[in-house]
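Since the structure comes first, as structure tokens, the remarks are kept for the end.
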Protein chains: 4
Amino acid sequence: MTQAKKKPKEKAAVKAKRKRTRLSPEVRRKQILEAALAEFSAMGFAATSISRIAGRVGISKANVYVHFSSKDQIFETLLQSLSSVGKSQGSWSRIQEARDVSEFIDNLIDVTYEALTPEALAIMRLLISEGHRIPDVLAKWHEANLQGRAERQAAIDEQVAAGRMKANPLTEHFEFAMTPVVYAAVAKLTFGDAAAEEVERIKDTHRKLLRQLL
Amino acid sequence: MTQAKKKPKEKAAVKAKRKRTRLSPEVRRKQILEAALAEFSAMGFAATSISRIAGRVGISKANVYVHFSSKDQIFETLLQSLSSVGKSQGSWSRIQEARDVSEFIDNLIDVTYEALTPEALAIMRLLISEGHRIPDVLAKWHEANLQGRAERQAAIDEQVAAGRMKANPLTEHFEFAMTPVVYAAVAKLTFGDAAAEEVERIKDTHRKLLRQLL
Amino acid sequence: MTQAKKKPKEKAAVKAKRKRTRLSPEVRRKQILEAALAEFSAMGFAATSISRIAGRVGISKANVYVHFSSKDQIFETLLQSLSSVGKSQGSWSRIQEARDVSEFIDNLIDVTYEALTPEALAIMRLLISEGHRIPDVLAKWHEANLQGRAERQAAIDEQVAAGRMKANPLTEHFEFAMTPVVYAAVAKLTFGDAAAEEVERIKDTHRKLLRQLL
Amino acid sequence: MTQAKKKPKEKAAVKAKRKRTRLSPEVRRKQILEAALAEFSAMGFAATSISRIAGRVGISKANVYVHFSSKDQIFETLLQSLSSVGKSQGSWSRIQEARDVSEFIDNLIDVTYEALTPEALAIMRLLISEGHRIPDVLAKWHEANLQGRAERQAAIDEQVAAGRMKANPLTEHFEFAMTPVVYAAVAKLTFGDAAAEEVERIKDTHRKLLRQLL
DNA sequence: AATGAATGAGACTTCATTCAT
DNA sequence: GATGAATGAAGTCTCATTCAT
């Protein structure tokens with residue numbers, strides 16, 4: 001059980017021995033990071049071997065070390081590169097394009113739940129399970145989140161001031177409005193497909209409640 | 001200085017080589033499971049070594065194998081024994097002892113947020129990061145959750161029917177009311193102490209909103 | 001494959017927990033030696049664990065150490081006690097009871113091939129595979145063999161002098177007459193039951209040739 | 001003083017830490033198999049450690065695993081590669097080059113006893129002590145032996161038909177003629193050098209008897 | 001005498017990493 | 001840049017043996 005899918009021990013006699021291809025560093029690095037994200041998220045840092053990452057990319061272990069100096073460095077680079085991804089960058093502006101509150105809520109719900117992509121979930125799992133490896137990155141991330149949050153709060157405050165939204169505990173602390181999404185994410189992370197229905201109901205109630213409250 | 005304390009008769013033992021202590025299997029197993037929970041949760045399954053678990057208990061590696069036949073078995077035993085812990089067993093009845101809605105809400109909030117103990121968070125982190133190792137246990141857990149949820153919903157429905165609570169999306173799907181706690185948990189898991197203040201605000205807003213909605 | 005018959009890893013939950021019985025040292029020692037012969041012969045010295053020996057006897061590992069001070073000692077004691085068994089002690093006198101050459105040959109063949117019991121083969125395998133552990137015992141054994149051989153040769157010489165047997169290379173070096181038995185033994189050791197038919201043929205030809213030569 | 005000898009540039013390397021040498025897989029595999037044969041034969045499978053094999057080759061333990069995936073695999077590969085060695089391949093044809101029976105016998109005796117090389121004995125000991133690990137290989141070996149035997153028998157039958165050899169139990173079952181060699185082999189395996197003289201006598205008598213019988 | 005708990009040593013094996021081509 | 005061979009360190013697990021009851 002230690003390794004969910006034990007590959008047969010026999011050496012793969014027939015190797016798909018693809019001719020060595022020489023790629024630009026940037027491309028290779030990206031390939032490696034992608035493979036690393038997939039593996040780290042699925043297996044955890046310690047259980048992921050450079051071998052597997054290399055295998056997924058289709059290069060040799062040694063070649064990984066041409067592009068990164070250590071497993072740790074891969075991990076850090078990965079998480080750093082992800083901080084940007086995480087930020088629902090463009091999303092917020094898209095959400096705000098709404099012309100009335102109703103449309104705003106729809107946008108909000110749709111965009112946010114759509115953001116629960118497998119990749120985003122992978123990042124989230126990584127943060128939860130291996131975050132302790134990268135306190136600095138986490139701290140920055142946290143900081144960035146706080147700032148983004150402040151901006152969003154400001155936008156809401158404006159709406160309230162303009163009388164387009166009601167003043168209530170939710171508009172005063174708008175971040176709270178998004179907490180159910182985290183629940184949905186955790187449900188997916190933990191129970192996988194078995195959580196699909198549940199997530200739908202959450203999303204539904206979420207939308208209804210926002211309509212009632214905003 | 002470490003050596004200064006040594007009594008004359010003792011052999012030059014840098015490691016305080018304490019006499020072997022003999023305990024009953026039940027006690028040792030419990031000790032080992034506790035140590036394992038701490039380590040697995042902090043480091044993940046793969047990164048936790050039997051050595052560390054043994055060290056934490058203060059016994060030899062080999063002795064661990066007297067009580068468990070493999071690292072996997074420790075993990076499984078641990079998670080199985082935790083399924084029971086997880087269920088907020090008695091909590092719900094305590095919550096319901098409330099005499100009016102206001103007290104009910106206070107109970108609910110207090111009990112639920114107090115349940116975010118380090119141990120509970122450890123279990124949660126384990127479930128998220130290593131849950132894939134134990135699909136069976138997870139499935140049972142899910143099942144049990146669904147049932148508990150149904151019971152709680154029934155209790156709420158009763159309150160609504162009795163006119164003691166308002167009918168609205170939240171009372172119709174009461175599980176939703178607890179989703180912010182998961183957010184709080186994830187915040188703690190990810191940012192640790194840095195999340196303390198945030199969790200407080202969440203809890204606060206959570207309470208206010210429930211008061212408004214129920 | 002390392003261990004031909006892997007026992008399931010799970011701890012035997014139900015132990016045949018027989019009440020502790022206290023036996024006289026002699027009896028226990030004998031039991032242990034018997035179990036040891038079986039295991040050592042089947043698995044080799046290194047691959048045999050004290051656990052298995054104890055299990056076979058139905059006692060605890062620790063109890064084995066009450067009767068022997070180490071695994072090595074068990075082995076040596078065993079082989080020493082076997083030196084006597086090995087010598088076809090009484091056999092030769094039984095063979096010589098024959099009244100004529102024909103009966104002598106029949107006795108010789110029958111007694112010798114019957115001596116290829118599983119136990120004797122076990123000892124032989126032990127001597128071949130683990131003999132290097134006990135050079136002293138081996139030396140003594142060799143010595144004893146040489147002596148017995150000399151005695152048998154003398155008996156044959158007498159027969160030849162008396163004109164009851166022909167003088168030829170075989171009677172001059174009578175030990176040679178028994179070499180096919182070793183072949184039969186090795187065949188059994190190596191091929192087990194698959195060698196049965198072959199051994200029969202050997203025995204047959206052996207008998208015929210002796211008739212022709214003596 | 002240990003430090004006194006150190007040349008300035010050299011690291012404190014008590015072990016003559018020779019530079020890593022890089023060899024082709026074929027060569028290394030062969031080296032490992034040779035070392036393994038020596039060790040397995042001398043100590044038995046279980047008592048032989050990968051460490052010892054690696055040490056004998058002069059490489060690291062880990063490097064052994066670059067070329068073989070497990071100790072078992074080394075063993076199997078070894079025995080499989082030996083099946084071919086064992087067969088007295090070319091020998092028989094060389095024996096048959098004889099121009100008369102006398103020369104045939106000389107060839108037979110010489111070639112056969114010369115085949116009792118240390119390596120051949122090592123293989124034989126392995127077959128006896130660890131054969132049970134590889135029933136398949138043994139079965140094939142047996143089969144091959146039977147066939148070779150049949151061919152040799154046919155050659156003998158021809159000689160008899162041509163009147164160049166006498167018809168007798170030995171020519172009817174020619175395999176029997178070689179049984180003393182196995183005795184000699186076992187004597188060497190068990191008593192080592194102490195058996196040398198005995199083997200000589202056996203060989204001598206063997207030759208004489210064949211002369212008389214063929 | 002008997003045993004269950006405990007342990008140090010050591011075995012197999014994996015893996016991140018280095019080296020030479 | 002790319003790779004196959006090589007390795008030190010570390011991890012899981014087994015086992016002979018000891019200790020206290």
Side-chain angles (χ1 to χ4, degrees), chain A residues 2-3 9 15 17 19-25 27-28 46-54 59-72 74, chain B residues 17 19-25 27-28 46-52 54 59-72, chain C residues 2-3 9 15 17 19-25 27-28 46-54 59-72 74, chain D residues 17 19-25 27-28 46-52 54 59-72:
Chain A
T2 299
Q3 292 225 339
K9 276 295 173 70
K15 296 190 188 179
K17 183 87 171 177
K19 269 286 168 65
R20 43 162 90 177
T21 26
R22 192 191 184 97
L23 293 184
S24 78
V27 177
R28 274 282 191 254
T48 294
S49 70
I50 296 287
S51 233
R52 285 184 67 94
I53 294 176
I59 61 179
S60 70
K61 257 187 309 180
N63 195 8
V64 172
Y65 284 88
V66 170
H67 300 281
F68 294 91
S69 65
S70 73
K71 195 180 168 186
D72 278 294
I74 297 178
Chain B
K17 181 90 168 173
K19 269 286 170 66
R20 43 162 89 173
T21 32
R22 185 198 179 88
L23 294 182
S24 78
V27 176
R28 272 283 190 256
T48 294
S49 71
I50 296 287
S51 235
R52 285 184 66 95
I59 60 179
S60 69
K61 261 185 298 181
N63 196 12
V64 173
Y65 284 90
V66 170
H67 299 282
F68 294 91
S69 62
S70 71
K71 194 180 166 186
D72 278 323
Chain C
T2 298
Q3 292 225 339
K9 275 294 173 71
K15 295 190 189 177
K17 184 88 170 178
K19 268 286 166 67
R20 43 162 90 178
T21 25
R22 191 192 184 96
L23 292 185
S24 77
V27 177
R28 273 283 191 254
T48 294
S49 69
I50 295 287
S51 233
R52 284 183 68 94
I53 295 177
I59 61 179
S60 72
K61 257 187 306 180
N63 195 9
V64 172
Y65 284 88
V66 170
H67 299 281
F68 294 92
S69 64
S70 74
K71 194 180 168 186
D72 278 295
I74 297 179
Chain D
K17 182 89 167 173
K19 270 284 171 66
R20 43 162 89 172
T21 33
R22 185 198 179 89
L23 294 182
S24 77
V27 176
R28 271 285 189 255
T48 294
S49 71
I50 296 287
S51 234
R52 285 184 67 93
I59 60 179
S60 69
K61 260 184 301 179
N63 196 11
V64 173
Y65 284 89
V66 170
H67 299 282
F68 294 91
S69 62
S70 71
K71 194 180 167 186
D72 279 323

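To find a chain, count down the sequence lines: A is the first, B the second, and so on, and within it residues start at 1. Any value given below was found using the heavy atoms of this structure, including those in side chains, with hydrogens, waters and symmetry copies removed.
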Of B:I50 and C:A46, the one whose closest DNA chain F nucleotide lies more 5'
B:I50

On DNA chain F, check which nucleotide each of A:S60 and C:S69 is closest to and give me the residue with the more 5' one.
A:S60

Only pairs with both distances under 3.5 Å count, Watson-Crick or wobble alike; so what is the partner of [N] in this structure?
N	answer
E:dA11	F:dT12
E:dT21	F:dA2
E:dA1	none

Whole angstrom is fine here: how far is it from [atom1] in [X] over to [atom2] in [N]?
X	N	atom1	atom2	value
D:F68	E:dA11	CZ	P	20 Å
A:K71	E:dT14	NZ	C1'	11 Å
C:I59	E:dG4	CD1	P	11 Å
C:N63	E:dT3	CG	C1'	8 Å
C:R52	F:dA16	CZ	C1'	16 Å
D:L23	E:dT21	CG	P	12 Å

Tell me if the side-chain of B:R22 makes a donor-acceptor pair with the base of E:dG4, cut-off 3.5 Å, by modelled atom types.
yes

Given [options], identify the nucleotide with an atom nearest to the side chain of [X].
X	options	value
B:A62	E:dA16, E:dT7, F:dA6	E:dT7
B:R20	F:dG11, F:dC15, E:dA5	E:dA5
D:K61	F:dC13, F:dA10, F:dA16	F:dA10
C:Y65	E:dT17, F:dC19, F:dT17	F:dT17
B:H67	E:dA6, F:dG4, F:dA6	E:dA6
B:V66	E:dA2, E:dA5, F:dA16	E:dA5

Between C:P25 and C:H67 the two heavy atoms that sit nearest each other are CA-CE1, 4.0 Å

Heavy-atom closest contact (C:A46 atom, D:A46 atom, distance)
CB-CB, 3.8 Å

Let me confirm one number: the CD1-OG distance from C:I50 to C:S60, rounded to the nearest 0.5 Å.
11.5 Å

Starting from the C-alpha separation in whole Å, work towards a yes-or-no answer on side-chain contact (heavy atoms from CB on, under 4.5 Å) for B:R28 and B:V66.
CA-CA 10 Å; B:R28 272 283 190 256; B:V66 170; over 6 Å; no

Under 4.0 Å between any heavy atoms, over every strand shown, what does [X] touch: base, sugar-phosphate, or nothing? Just pick one.
X	answer
B:P25	sugar-phosphate
B:S24	nothing
C:T48	sugar-phosphate

Looking at B:R28, does any N or O in its side chain come under 4.0 Å of the phosphate oxygens OP1/OP2 on E:dA6?
yes

Tell me if a side-chain donor or acceptor on D:K71 pairs with a main-chain N or O of D:T48 at a distance below 3.5 Å.
yes

Apply side-chain contact (heavy atoms from CB on, under 4.5 Å) to D:I59 and D:L23, showing your working.
CA-CA 11 Å; D:I59 60 179; D:L23 294 182; over 6 Å; no

